[in-house]
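All residue numbers refer to positions in the sequence shown, counting from 1. What's counted below: heavy atoms across the whole structure, side chains too, no hydrogens, waters or symmetry copies.
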Amino acid sequence: MTPVQFDSCASVSNILFPIIFLFKWFLISFDTTSQATSPFTVFPGIHLRMWLQGVLVLSLLSAVSGGADSKAVTTTLTTKWADTPLLLEASRCTTITTSAQCLQMTSVCADTDQAYYDLLVKKASALLSSVQMNMLKFALSLRAYSATVHSFQQIASNEPPPSGCSAFFSVHGEKTCNAESLAALPKPYLFKGDHTYPGSNPDAPVVILYGEFGKPDFQRLHQIITPKVYEGQATYVLRHYVANPSEKKVYLSGYGVELAIKSQEYKAKDDTQVQGVNTTVIGENDPVDEVQGFLFGKLKTLYPELKEQLKELRKHLVESTNEMAPLKVWQMQDLSFQTAARILAAPAVDALNVMKDLSQNFPTKASVFEVLRSEARVMEGLRSLLIESPYIHDILKLNVQPSDSDYAVDIRNSAINWINNLETDHRYSSWPYNVQELLRPTFPGVIRQIRKNFHNLVIILDPTQENASELLSVAEMFYANNIPLRIGLVFVVSHDDDIDGMQDTGVALVRAYNYIRDEVDSQSAFEAVISVMPIGGQLSVGDVVKVLEKRFPYVEVSSVLGADSSYDGNRKEGRAYYEQTGVGPLPVVMYNGIPYQREQLDSDELETVTMQKILETTSFYQRAVYLGELATDHDVVDFIMNQPNVVPRINPRVLSTSRTYLDLSDTSDVSKNVLPLRSFLSVIMTITYEIRVDSRSTSSSIFLFAINRFSKMNSFTIKLMTNSSITKQQKTSNNARLGMINNPSAAPSAETSRVARAIWAAMQTQTANNAKNFITKMSKEEAAVALEKGVDIGEFAVGGMDVSLFKSAYESPKFDFLLSHAAYCRDVLKLKKGQRAVISNGRIIGPLEEQEVFNQDDFLLLESIILKTSGERIKSKVQQFGIEEDRSSDLVMKVDALLSSQPKGEARLRCYVHSRNEGDMYFDVVAVVDPVTRDAQKLAPLLLVLKQLINVNLRVFMNCQSKLSEIPLKSFYRYVLEPEVVFQADGSFSPGPMAKFLDMPQSPLFTLNLNTPESWMVESVHTRYDLDNIYLEEVENIVAAEYELEHLLLEGHCFDVSSGQPPRGLQFTLGTASEPVIVDTIVMANLGYFQLKANPGAWILKMRKGRSDEIYKIYSHDGTDSPADSDDIIVVLNNFKSRIIKVKVQKKPEKFNEELLSDGTEENDTGFWKSLTRGFTGGGNIEEPKQPKDDVINIFSVASGHLYERFLRIMMLSVLKNTKTPVKFWFLKNYLSPTFKEFIPHMAKEYGFQYELVQYKWPRWLHQQTEKQRIIWGYKILFLDVLFPLAVDKILFVDADQIVRTDLKELRDFDLEGAPYGYTPFCESRREMDGYRFWKSGYWASHLAGRKYHISALYVVDLKKFRKIAAGDRLRGQYQGLSQDPNSLSNLDQDLPNNMIHQVPIKSLPQEWLWCETWCDDFSKKSAKTIDLCNNPMTKEPKLQAAVRIVSEWTDYDQEIKRLQTRVQEGANHRTKQQGTGNEHAQPVSADTA
């Protein structure tokens, strides 16, 4: 047995160590299953009870009397919206089920919460597999779909619901509780998350049913509408609606809580006492069971009569264990290894719990639920295809995701007129030829001149276009400057034989080029083309004639350009190459076959991008040479064109990485980009016309379907049947099977289905080759015309056909197969009647536009892409299974559809999926972690939940770090995550998931932080304690913190399509149809970023009325829930995940030269001033008469913790006492306590000021700070341009711990002389502090170059100028670079503006604007306009003590505020007493709350 080792603890514990050790040894040896043999003895003659009582007496005698109870901190997080029924959440999280299956779960009634839950789970288990059931339980525990359910509640509220209806229909805007008529009105907009009842007719009226599963009114209306669906009279859409929402809130999980140890170098804790504390009950079983070897849970069970004594013993052991003595450096060095050893020494079953206790510190970054559900879906899909378990992990390791690389077309084509050849031209003969030259070191940025065609630039152009001359000029520049670039031209001109060069300019230029090339060389021809191109004009035939006559005066021009010219080479080939490659509108420029973006074709941009591509591609060649893949004797162009990104044709439909797939597995789970097959699985082969293109017996890796209306086949299907199976070498491919589905534009009948029936009969009765020949004949337009005229079908028979068998099938009166085709196209493929599409291994390409071309090259491209990415890889694996060939081909198709439909992720290094004897799968999980770093943050609790949630084979590798010089983890951490819904003993729901910090050490000062997902905006809503300064020695029992999810974040990026740049200062609003402006935001220049706050529901995004919508219009949008060309941008927030959209805008033609942020900008819209009145006196909705902008002084400040909020209130009072102009305060809401937010309306009413709470979520792309203080510093400087509306011209920042002694109107009106902001320099008059003035030497002295270093406690910002020069964007850019170094920006809020003083100038304010005793002498105090309570690094004097000593009026201000707090509290108590409710959660706001 591994010996148990203990470190030294408190003196009392040392006395107990031998006893503890023996007792732990006994308990480890104790067999709890053999209690019948009790009583036990530890030693002969010693009874366990007697031994235990002796231990208790010894511990109690040894314990120091008067110890306090164990202390704890708890945290909960709820939603802002009402609790949503679990049944509705289950219906959303089981998107794997159909509506019909969901309705089987609607009758769920029970006496208790637990009985209700158990019944719900029981009903769901009949529809789901065991893995899916675990996913359902986990989703309900996470409340992952509460947001989805509430989003429909918000949508329903905007209808609004008719009075007296708990469930109602909305039929094209008409709302009613009874459905007697379905009017044919314009269809309403349906959202992507809407659930349409299976079998709904898309052409019928849309009936939206709002209701709650399980309620009688819902059942009644559901039974009314379903028959109409079956009759094809309605499209039935279900949306959740709860008529009487619960008063409770949703308790959330999936977030982390950090209790960080705070530095006490400067005492920053308030000295007032906390009263009216809210309590949280912690159950008997909540504390950690094992303490120093004693298993207290087991002891309490065995000896209930010793319960109180055991509690005292446990308390003493906890207190002795939690003493936090500082470690010496030598003790820290091997902490990581010691921790790992402690984990590894534990029994395997306890190792994760030990690791969790030792390392619980991590923020949330990803949704565990989504990852698990995705993995489970793939595995269950593979098992449903009867793939044996040993092969599953091989299939999962296949990388079948589409490539993100740029696609290229083949440039080895005779249509390209190459101007030069680096390998053969004399002008490059002095360059080295060996590819090893690539590996020779050079200076960065040097382009290597090697005599190989590594870099090839092809320009495809119509020479008559105006911009052709600019492109050719850039090419000439490259050629003239000996850039190692092979240049080729493709002229796209008229290919009509009847048009010659004397009539057409393009033809004239091509013939002239060919003539000069043949007579002289390609370089001379190129120079002639350059000389003939006019600058800024249109090329004419006369221009070409002049050049020929000048350079070749002896030649008859008509013989070169005229009808009898022999210089027509490549004329037709050029257009053919252009059309075949599908590279888009002219002109086109390609680098090594990769087309440039349209915005890169500007002449300056083209030069820059091309040089950049040459440098970037060099590293690719270097790697190839180093690995031996490219040698000197290899053809470099062949090497380039054999890369996997080279395709025969560029077709965005085929190459797009955004794809939709059919679910061809036998599971019922459906992800958002997979269309369900379900009931069609059994008929997929019977409803298609299938033909194998090769009669040889072999499995195929591609199954192509053509969906077409056979009554009007044109050339679409015939190209699939005859051409997609033909490779470039015109040989038959054995990779593909071909099938056709008929999607008629009208109901099938004998007259309208002649062609369809003929094709079906041929494929059912004839050999593959005969059927293909017959279909080729039938696909011609004249065949359909002939059949309509009554020509006998036998006339179209081809040689070898069994005509009689064919005709008997053709003349069959049954049309069932045609009806199946139509239903499949409508219900599964979601196609309208007559629409065309292609399905390839489950991937749906379409619907194709009416005139859209999908030709032979597109089919070749599709086949090529599938073979390269998935087809061949899957086929090779399937062939190892040893199954019959027909099933093998089907299996390749189904596995491809299943794997390819998964969201793209990182390549799998290894993935084992095992199967237990009973057939259950389990996951193989490998974790690598250093147990004492922040990188270990998520693993322990996450893995513990995974062990309970799924079958998992877990291995953890300890990756320790040696020679640590400081404590690696300086905070306690809890992650709130439960695998299943938890209940109390009486069967009711437990009071929500909760972070519990139990038995905490009492000496440190803690600060509480929440680590939530990126899109969550949370706020503290209920606690009496100062969460920024938690000192447990002064806490009676429990610090209970209650947070609320206030908003979900909608983020976006916006760009101007004309300039390609973000429209700085553009404003967006978010609202509903009835309330268009609920929140607003401003677009940054950094990435065009913007953010808006919302909650689950459907929201309308618009540009703000005023200059934004006067200058700009919305051009397009992506990632929204409305069509890209829709004027209204609808965004639906229906889950807890991040939502990011992209918006493109365009200036209106008449406003093209106007700027949003011009010096004359005036926001003349009431929307802004309406927002300015939000939160005014009393914080209500009463609109006060607004003051002119110039008459309001806007003051911004931040505070966190009760002490600084106390300072903040005093600062505000000092401003109000000395400033005669109306004042509006702006506070950063993120870190304010509930007590401050409750009291501020009373203070505003008392003193007559305005205020507003502003919020901004730290953008995910901006380097994150982890310490709360540094985050607050960041908010002081990084977001000034977006925190405040454009109507605010100037903002003053005043630190919370300042006292103002003058009218701040003087500071607001101070002339900044063109600078965007003004700061006060640090004082230098107190000479004894010279040793602490860091800016006087080293980096700062050099950087400032004689300028002042400024303090950030007080500054004034000209926001108009600040935005005009993009100061905020510059500051964020500099911060992003500097903040990567942890030793940089130690005082972020003032180091950053001082560092940027050369780019964003600072106007130095007069010294009297900020006096601080630490840096300023006593003489200058009398002229001080503000006094700042700076920390003193020499004396470390506490803030409160310094405030009373330094500022004479501070105590008077403090007492005045406390008197107001007392009156407010007395009023609240009086109202409570009158109501007689005895409300336990009354929110006192008194002097003792500071």
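Considering only heavy atoms from C-beta on, Val1131 comes within 4.5 Å of Arg1139 through its side chain. Side-chain atoms of Ile1130 and Trp1099, non-hydrogen and from C-beta on, never get closer than 4.5 Å to each other. Put simply, the side chain of Tyr1256 does not reach to within 4.5 Å of the side chain of Met1017, judged on heavy atoms. Contact annotation: the side chain of Leu88 never approaches that of Tyr145 to less than 4.5 Å [non-hydrogen atoms, C-beta and beyond]. Residues Phe138 and Val945 have side chains in contact (heavy-atom distance under 4.5 Å, counting atoms from C-beta outward). Using a 4.5 Å heavy-atom threshold, the side chains of Leu1101 and Ile1141 count as touching. Residues Val121 and Met133 have side chains in contact (heavy-atom distance under 4.5 Å, counting atoms from C-beta outward). Counting heavy atoms from C-beta on, the side chains of Ile1129 and Lys1102 never come closer than 4.5 Å.
A salt bridge does not link Asp83 to Lys249: none of the charged nitrogens lies less than 4.0 Å from a carboxylate oxygen. Electrostatic pairing of Glu89 and Arg143 counts as a salt bridge here, judged by a charged N lying under 4.0 Å from a carboxylate O. Ion pair Arg1024/Glu1042 not flagged as a salt bridge, since none of the NZ, NE, NH1 or NH2 atoms sits closer than 4.0 Å to an Asp/Glu carboxylate oxygen. Taking 4.0 Å as the cut-off between side-chain N and carboxylate O, Lys1229 and Glu1046 count as a salt-bridged pair. No salt bridge links Glu1014 with Lys1257; every basic N to acidic carboxylate O contact stays at or beyond 4.0 Å. Glu1019 has a carboxylate O that lies under 4.0 Å from a charged side-chain N of Lys1237, or vice versa, which qualifies the two as a salt bridge.
Rounded to the nearest 0.5 Å, atoms CG (Leu1050) and CG (Leu1133) are 5.5 Å apart. Note that OG1 of Thr235 is 11.5 Å distant from CG of Asp194, once rounded to the nearest 0.5 Å. Rounding to the nearest 0.5 Å gives a distance of 8.5 Å between SG of Cys165 and CG of Leu221. Note that CG of Asp113 and CG of Leu86 are 8.5 Å apart. Values are rounded to the nearest 0.5 Å. From Leu1092, atom CG reaches atom CD1 of Ile1078 across 11.0 Å, with rounding to the nearest 0.5 Å. Rounded to the nearest 0.5 angstrom, Leu977 CG and Leu142 CG are separated by 6.0 Å.
Counting heavy atoms of neighbouring residues, nucleotides and ligands inside a 6.0 Å radius, atom CG of Asn244 does not exceed 12 of them.
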Steps toward side-chain contact (heavy atoms from CB on, under 4.5 Å) verdict (Leu252, Leu1045): CA-CA 9 Å; Leu252 298 174; Leu1045 175 61; 3.8 Å; yes
side-chain contact (heavy atoms from CB on, under 4.5 Å) assessment of Tyr197 paired with Ile225: CA-CA 10 Å; Tyr197 195 82; Ile225 191 59; over 6 Å; no
Worked verdict on Ile1114 versus Met1103 for side-chain contact (heavy atoms from CB on, under 4.5 Å): CA-CA 8 Å; Ile1114 291 175; Met1103 286 188 293; 4.0 Å; yes
Trace of the side-chain contact (heavy atoms from CB on, under 4.5 Å) decision for Val1077 with Lys1105: CA-CA 10 Å; Val1077 181; Lys1105 296 291 184 184; over 6 Å; no
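Taking every heavy atom of both residues into account, Gly987 and Phe983 meet most closely at O-CD2, 3.7 Å. When all heavy atoms of Ala234 and Val207 are compared, the pair lying nearest together is CB-CG2, 4.1 Å. Shortest non-hydrogen contact noted between Gln1091 and Thr1081 is O-OG1, 2.8 Å. In terms of heavy-atom proximity, Gln154 sits nearest to Ala1098 at OE1-N, 2.8 Å. Of all non-hydrogen atoms in Glu978 and Pro993, the two that sit nearest each other are OE2-CA, 3.8 Å. Heavy-atom minimum distance, His1117 versus Thr1120: ND1-OG1, 2.9 Å.
The closest donor-acceptor contact from the side chain of Gln984 to the backbone of Phe989 lies under 3.5 Å. Distance alone, capped at 3.5 Å, is enough to place a donor-acceptor pair between the Tyr255 side chain and the Leu77 backbone. No side-chain donor-acceptor contact under 3.5 Å links Thr75 to the backbone of Ala1041. No donor-acceptor pair under 3.5 Å is formed between the side chain of Trp1016 and the backbone N or O of His1047. Between the side chain of Arg239 and the backbone N or O of Tyr210, no donor-acceptor pair lies under 3.5 Å. A donor-acceptor pair under 3.5 Å is formed between the side chain of Ser990 and the backbone N or O of Val982.
Note: His222 and Tyr236 meet the aromatic proximity criterion, with ring centroids under 6.0 Å apart. In this structure, Phe152 has its ring center at least 6.0 angstrom away from the ring center of Tyr241.
A donor-acceptor contact closer than 3.5 angstrom links the side chains of His240 and Ser91. Side-chain contact annotation: Asp217 with Ser166, donor-acceptor N/O pair under 3.5 Å present.
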